[in-house]
Amino acid sequence: QVEHDEAQRRCSTAVHTLETAGTQRHELTGRLHQLREQLAGQRAQTRVLDDLWRRYEGFPETVKTLMGQSIDGLVGPLVDVVQAIPGYEEIVEAALGPLSDALIVKDRQSLARCREQLGAQQLAGCRFLVLEDCPEAPAAGEPQLVQAGVAGAVRQYIRTDPAYQRLVDWLLNDSWI
């Protein structure tokens, strides 16, 4: 009888565990479907935003036109190569001002090619930043500005590819928050 009671108890425990597992499986399956739908929505939104970005929506017509062509030495808009650290986007945007739409070109020859294209299409000019014209950064580094209410140089709140760091340093040399 004792063995039978013990087997009955184990069987009852197993049935309860199986029911609990079934309930959890059902809940997790529902959650999985929700997450899949959410992911599909986010992917669709990403595709739309990516498409808008590739077509340079919100940029001046001159930028859209030049970026739609394959011009040797044309890097792209400044905003494509700088990324503000989260929480500092508005500060970086204010510091860059209208230069955020400026097009980066590698050298003066690239600039001439871009201007030639604009002239050929009878488009108004735009701002250009020539990488080779950026001065070298000072070797000693920047002095620490210790003053009440000063958090630091704006450029420390920007991430960029090392190839463009000299440009960012030059543009934001005197910008502090």
Side-chain angles (χ1 to χ4, degrees), residues 38-177:
Q38 183 181 359
L39 179 60
Q42 288 176 345
R43 282 182 176 161
Q45 183 180 10
T46 300
R47 280 192 296 274
V48 167
L49 292 174
D50 189 49
D51 183 51
L52 288 173
W53 189 252
R54 266 191 258 116
R55 288 186 287 133
Y56 293 95
E57 292 297 322
F59 283 90
E61 203 58 40
T62 52
V63 172
K64 289 181 191 179
T65 300
L66 290 173
M67 292 308 298
Q69 300 176 20
S70 206
I71 301 174
D72 186 41
L74 175 61
V75 175
L78 178 62
V79 296
D80 276 2
V81 300
V82 297
Q83 180 184 15
I85 293 174
Y88 293 91
E89 296 89 351
E90 289 180 13
I91 292 168
V92 170
E93 185 177 333
L96 291 173
L99 289 177
S100 60
D101 287 346
L103 289 174
I104 300 171
V105 292
K106 291 183 180 183
D107 51 34
R108 293 265 168 198
Q109 293 80 20
S110 304
L111 175 61
R113 285 190 288 274
C114 289
R115 285 187 173 156
E116 187 178 299
Q117 284 295 325
L118 290 177
Q121 298 192 22
Q122 298 179 339
L123 291 170
C126 67
R127 290 181 175 93
F128 290 96
L129 299 168
V130 182
L131 282 175
E132 76 176 5
D133 288 352
C134 293
E136 291 292 329
E142 72 184 41
Q144 288 296 323
L145 184 63
V146 180
Q147 189 174 0
V150 176
V154 172
R155 66 179 177 236
Q156 75 185 21
Y157 300 101
I158 293 179
R159 288 186 223 130
T160 189
D161 186 281
Y164 309 111
Q165 189 63 52
R166 192 171 77 178
L167 173 66
V168 170
D169 290 346
W170 178 61
L171 291 174
L172 298 174
N173 185 44
D174 295 324
S175 299
W176 299 83
I177 57 172

Contact summary for [X] and [Y], nearest pair of heavy atoms:
X      : Y      : answer
Ile71  : Cys114 : CG2-SG, 4.0 Å
Pro77  : Val63  : CG-CG1, 4.2 Å
Phe128 : Arg115 : CE1-CG, 4.4 Å
Leu66  : Leu103 : CD1-CD1, 3.5 Å
Cys134 : Leu167 : SG-CD1, 3.4 Å
Arg155 : Val168 : CB-CG1, 4.2 Å

Check the surroundings of atom CD in Glu93: do more than 12 heavy atoms from other residues, nucleotides or ligands lie under 6.0 Å from it? no
Does atom OH of Tyr88 have more than 12 heavy-atom neighbours from other groups under 6.0 Å away? no
Measuring from atom [atom1] of [X] to atom [atom2] of [Y], what distance do you get when rounded to the nearest 0.5 angstrom?
X      : Y      : atom1 : atom2 : value
Arg43  : Gln38  : CZ    : CD    : 12.0 Å
Thr62  : Gln121 : OG1   : CD    : 10.5 Å
Ile91  : Leu96  : CD1   : CG    : 12.0 Å
Leu118 : Gln69  : CG    : CD    : 8.5 Å
Leu131 : Leu111 : CG    : CG    : 11.5 Å

Sequence neighbours excluded - ring pair (Phe, Tyr, Trp, His ring centres under 6.0 Å) pairs with any residue from residues 95-123: none
Pair Arg127-Leu99, side-chain contact (heavy atoms from CB on, under 4.5 Å): steps then yes or no: CA-CA 7 Å; Arg127 290 181 175 93; Leu99 289 177; 3.8 Å; yes
So, do Leu74 and Arg113 sit near enough that their side-chain heavy atoms are less than 4.5 Å apart? no
Evaluate the criterion salt bridge (Lys or Arg N to Asp or Glu O under 4.0 Å) for residue pair Arg108 and Asp133; output intermediate values, then yes/no. CA-CA 8 Å; Arg108 293 265 168 198; Asp133 288 352; 2.4 Å; yes
Looking at residues at least two apart in the chain, or sitting in another chain, which of them share a side chain to side chain donor-acceptor pair (under 3.5 Å) with Arg159? none
Test log, rule side-chain contact (heavy atoms from CB on, under 4.5 Å), inputs Tyr164 and Leu78: CA-CA 9 Å; Tyr164 309 111; Leu78 178 62; over 6 Å; no
Is a side-chain N or O of Ser100 found less than 3.5 angstrom from the main chain of Val79, in a donor-acceptor match? no
